[in-house]
**Q** 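Quick one: the structure is below, questions incoming.
As the structure is a computational prediction, the values presented were derived from the model and not from experiment. In what follows, every heavy atom counts, from backbone to side chain, and hydrogens, waters and symmetry copies are set aside.
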4 protein chains.
Amino acid sequence: MNESRPRTGRPRSEQSRQAVLHAVDDLLVEVGYAALTMKGIAERAGVGRQTIYRWWSTKAEVLFEAAITDAAKELSDTPRATTIEDVVAYLDGAERFLTTSDAGLAYRVLVGEAQHDAEVARLLGSAALFEKPVHGVLTRAVDRGDIAPAVPFAEAAAILTGPVFYRALTGAARSEVPTAVLAAALLAAVRDLTH
Amino acid sequence: MNESRPRTGRPRSEQSRQAVLHAVDDLLVEVGYAALTMKGIAERAGVGRQTIYRWWSTKAEVLFEAAITDAAKELSDTPRATTIEDVVAYLDGAERFLTTSDAGLAYRVLVGEAQHDAEVARLLGSAALFEKPVHGVLTRAVDRGDIAPAVPFAEAAAILTGPVFYRALTGAARSEVPTAVLAAALLAAVRDLTH
Amino acid sequence: MNESRPRTGRPRSEQSRQAVLHAVDDLLVEVGYAALTMKGIAERAGVGRQTIYRWWSTKAEVLFEAAITDAAKELSDTPRATTIEDVVAYLDGAERFLTTSDAGLAYRVLVGEAQHDAEVARLLGSAALFEKPVHGVLTRAVDRGDIAPAVPFAEAAAILTGPVFYRALTGAARSEVPTAVLAAALLAAVRDLTH
Amino acid sequence: MNESRPRTGRPRSEQSRQAVLHAVDDLLVEVGYAALTMKGIAERAGVGRQTIYRWWSTKAEVLFEAAITDAAKELSDTPRATTIEDVVAYLDGAERFLTTSDAGLAYRVLVGEAQHDAEVARLLGSAALFEKPVHGVLTRAVDRGDIAPAVPFAEAAAILTGPVFYRALTGAARSEVPTAVLAAALLAAVRDLTH
DNA sequence: AATTAATCGAGACGGTACGTCGGGTCTTTAC
DNA sequence: GTAAAGACCCGACGTACCGTCTCGATTAATT
């Protein structure tokens, strides 16, 4: 029941698609975003330039598709015994992703592009990269009775993610405060939202 | 004993400097960062291209100089009667700056550039745009005895700024939670850091 | 004893062949040779691109096949009562063909291509477009005793065709000299070759 | 009293101009017109592509400027003792130019382009490459009393140039008729124009 | 009827030149 | 020595065609 399926002509080459995504991944790390060009991607991937333009609009879009899967995986939420451990794991994971991961570098760059490119902003928003794992953490916290069911998840996501996100993007130095202490303080703040 | 002071030749034109800064300000809003070019700035300012390159290295640098003064002014901290009012004012001011101000647009764009341009990152870090007003708020809070003197200011800045910053840069929708509630929760979290 | 005859499989589509030839004819007039592309021909003809490449090597070759029949027809020699009338008719026909006919436009374009494409030159040479009608004119002139049998036909063809050809291809304005006068002069020149 | 002279800015580089013209000259002979690209010219000349587009519209225009001086020189008319010798020299010179000279190759290619590019046609017409030397030959012939002053020079140019031009562009083989015989015949034809 | 094989339209493929745009530099004259 | 002007070399942009390569679908002649 697939609509708009082209039934004629040569089908899209999955091999070329993979080659482009890998080329973007590699080049971002090797030469940086400023030197990441469509021409360079095509040459690295051994692919015609038109083939990229045929399937993606901008290099940000390619980068998004290349990095988003890894990004989601690195931020995936693995349940811990207690809520505070869940929060600590989330904060550590988010910080590691944003500051040391290749996918995190791609994400930060895309956030940068999103500031002056609405389409990139839309793409990133649709990924809900941080919202998803936060949702898992909060859901379990509600189940355990550690926070009220009425806690607004979106606001909680901003509270839990914000500090790490702010430090990573502004380059502010990592604080001497242990993650456990920060986690406890933020969890309390989330709880306070319903008071 | 003045070093590197040019004592001969035509002096730098202050008029040209202003023209360039205003041109950047205007163009950012009018055409967006993606279409902001050195050539365009020069033409808009009625200035030779070389004149820009003589005094600034990159367009990010020009943009920084053009926007930083306004940005600092818009984020300046004006003391309120109570600590919670101080925090509310800070949060509101930061959000307004980031989401609706022209200077805030410039700042967000620069944060974006900073993700792949170390020099821009260094510039932005040196401005300590959010750290300064947070410092004022926290200092008065300590004076009033509302928070312990031992509270790590850098971490507190991340907690207070992070949620607003995260929402503004990821385009997440403003929550239904009133600023006063958020302020109270975050202030409590800051207090928790020293427990 | 037929060589290389495919005895099985789908036979060549005469309909597609005609469609291609007509498309080339039409497009040459409509968009000009510079904008005449294989892609455009295929789309106009409603034919796959491969189908063109299967049967012709270059667009010049298609153009040749598309125009040569009409060209030969337009230059065909119809006997007149006297040799001078024959020559006048030939000159008029050649000029009309080269300056106003669609087939003549195709021919001029092909002559242009032939200057840097040996294969096109070979094709054009094999058509002997002007040589054939000149041969008719001269043969009848010999029969009538108007010129000597020893007249070198190739040289005569150059003398009779050259002036018209030169004017048509260089865009030189048509002279005020009546064709009849020119014909007489050239016919005399042809006669002089054997003196 | 020069009009429209720009008095400011960097002046046009004569060195770049020469480099482009020489590159075109060389490349035409080395790789042929079909492979003569703006990109290739720029690279060969060590010049930016934009620099070419700044001063010339098409590669045909560059080729024209590169070849026209040499072409005019090779076709220049050097007076002989008698009119028949003048004509023989002209015919030999024209044939040599068209069939063996590099400038002649460029000229033939440009004639080809002119068939579907009105601008090139205009350029070539303005050069009056063959008309000029013919004018010299005819003027002296009139002075000597060998032809009537009333002879239409344009038509005479077509008669004298046409046969050689036709043979060169259609690739027809050089006839066995000696140039002297042809020259005499064509000169008689020119004379006949006023009978 | 089933099989075989070459054709067909369609359209994606890797390439390459197009003409333009912007980057950062250089070379003029004017101040 | 700085300024405006504008040409310079360079290289990426996004597009258009090139000629080739799959696809599924046709269309005969051969089994």
Side-chain angles (χ1 to χ4, degrees), chain A residues 6-13 15-17 19 35-43 45-55 57-59, chain B residues 6-13 15-16 19 35-43 45-55 57-59, chain C residues 6-13 15-17 19 35-43 45-55 57-59, chain D residues 6-17 19 35-43 45-55 57-59:
Chain A
R7 294 167 305 106
T8 185
R10 185 176 179 172
R12 177 174 185 184
S13 163
Q15 181 180 317
S16 293
R17 180 178 162 273
L36 185 67
T37 65
M38 287 298 223
K39 190 171 187 263
I41 297 167
E43 281 166 5
V47 142
R49 211 131 44 110
Q50 187 92 126
T51 299
I52 303 184
Y53 286 109
R54 194 165 4 237
W55 304 110
S57 299
T58 63
K59 67 181 175 181
Chain B
R7 289 164 300 123
T8 180
R10 183 174 177 173
R12 176 175 185 181
S13 161
Q15 180 180 318
S16 291
L36 186 66
T37 66
M38 287 298 222
K39 204 185 181 213
I41 297 167
E43 281 167 7
V47 143
R49 226 156 1 137
Q50 193 66 263
T51 300
I52 303 183
Y53 285 110
R54 203 175 344 250
W55 303 110
S57 300
T58 63
K59 69 180 171 182
Chain C
R7 288 163 304 121
T8 184
R10 184 175 179 172
R12 177 175 185 182
S13 162
Q15 180 181 319
S16 292
R17 178 177 166 275
L36 186 66
T37 67
M38 287 298 223
K39 199 185 185 221
I41 297 167
E43 281 167 7
V47 144
R49 216 137 33 116
Q50 191 68 263
T51 300
I52 303 183
Y53 286 111
R54 198 168 358 242
W55 304 111
S57 300
T58 63
K59 68 180 173 183
Chain D
R7 295 165 302 106
T8 182
R10 184 175 178 174
R12 177 175 185 181
S13 163
E14 177 61 20
Q15 181 179 320
S16 291
R17 179 178 164 274
L36 186 66
T37 66
M38 287 298 223
K39 190 172 189 260
I41 296 167
E43 281 166 7
V47 144
R49 214 134 39 112
Q50 188 91 138
T51 298
I52 303 183
Y53 286 110
R54 207 183 334 259
W55 303 110
S57 300
T58 62
K59 67 181 174 180

**Q** Let me confirm one number: the OG1-CD distance from A:Thr37 to A:Glu43, rounded to the nearest 0.5 Å.
**A** 7.5 Å

**Q** Start at the 5' end of DNA chain E and walk down; is the nucleotide closest to C:Ser13 or to A:Ser13 reached first?
**A** C:Ser13

**Q** Can you name the nearest heavy-atom pair linking C:Met38 to C:Thr58, along with the distance?
**A** CE-C, 3.7 Å

**Q** How long is the gap from NZ on A:Lys39 to CZ on A:Arg49, to the nearest 0.5 Å?
**A** 6.5 Å

**Q** For E:dC8, take OP1 and OP2 only and decide whether either is under 4.0 Å from a side-chain N or O of C:Arg54.
**A** yes

**Q** What pair of heavy atoms forms the shortest contact from B:Thr51 to B:Ser16, and how long is it?
**A** CG2-CB, 4.5 Å

**Q** For F:dA4, take OP1 and OP2 only and decide whether either is under 4.0 Å from a side-chain N or O of B:Thr51.
**A** yes

**Q** Quick one: does C:Arg17's side chain get under 4.5 Å of C:Trp55's, heavy atoms only?
**A** no

**Q** Run through DNA chain E and report every stem of 3 or more consecutive Watson-Crick or G-U pairs, distances under 3.5 Å, ordered by first number.
**A** E:1-31 with F:1-31

**Q** Looking at CD1 of A:Ile41 and CG of A:Leu36, how far apart are the two atoms once the value is rounded to the nearest 0.5 Å?
**A** 4.0 Å

**Q** Distance check: side-chain N/O of D:Ser16 vs OP1/OP2 of F:dC9, anything under 4.0 Å?
**A** yes

**Q** If a protein heavy atom is under 4.0 Å from the base, mark B; if only from the sugar-phosphate, S; if neither, -; do that for nucleotides 24-31 of chain F going 5' to 3'.
**A** S-BBSS--

**Q** Heavy-atom nearest nucleotide on DNA chain E for C:Gly46 versus B:Thr58: which residue maps closer to 5'?
**A** C:Gly46

**Q** Between the protein and nucleotides 18-22 of chain E, which nitrogen or oxygen pairs are less than 3.5 angstrom apart?
**A**
| residue | atom | partner | partner atom | Å |
| --- | --- | --- | --- | --- |
| E:dC18 | OP1 | D:Met38 | N | 2.8 |
| E:dC18 | OP2 | D:Met38 | N | 3.2 |
| E:dC18 | OP2 | D:Lys39 | N | 2.8 |
| E:dG19 | OP2 | D:Tyr53 | OH | 2.5 |
| E:dG19 | N7 | D:Arg49 | NH1 | 3.0 |
| E:dG19 | O6 | D:Arg49 | NH2 | 3.1 |

**Q** Establish, with yes or no, whether the OP1 or OP2 oxygen of F:dG1 is under 4.0 angstrom from a side-chain nitrogen or oxygen of B:Trp55.
**A** no

**Q** Calculate the interatomic distance between B:Ile41 atom CD1 and F:dA4 atom P; express it in whole Å.
**A** 14 Å

**Q** Starting from P on E:dT7, measure out to CD on C:Gln15 and report it in whole angstrom.
**A** 17 Å

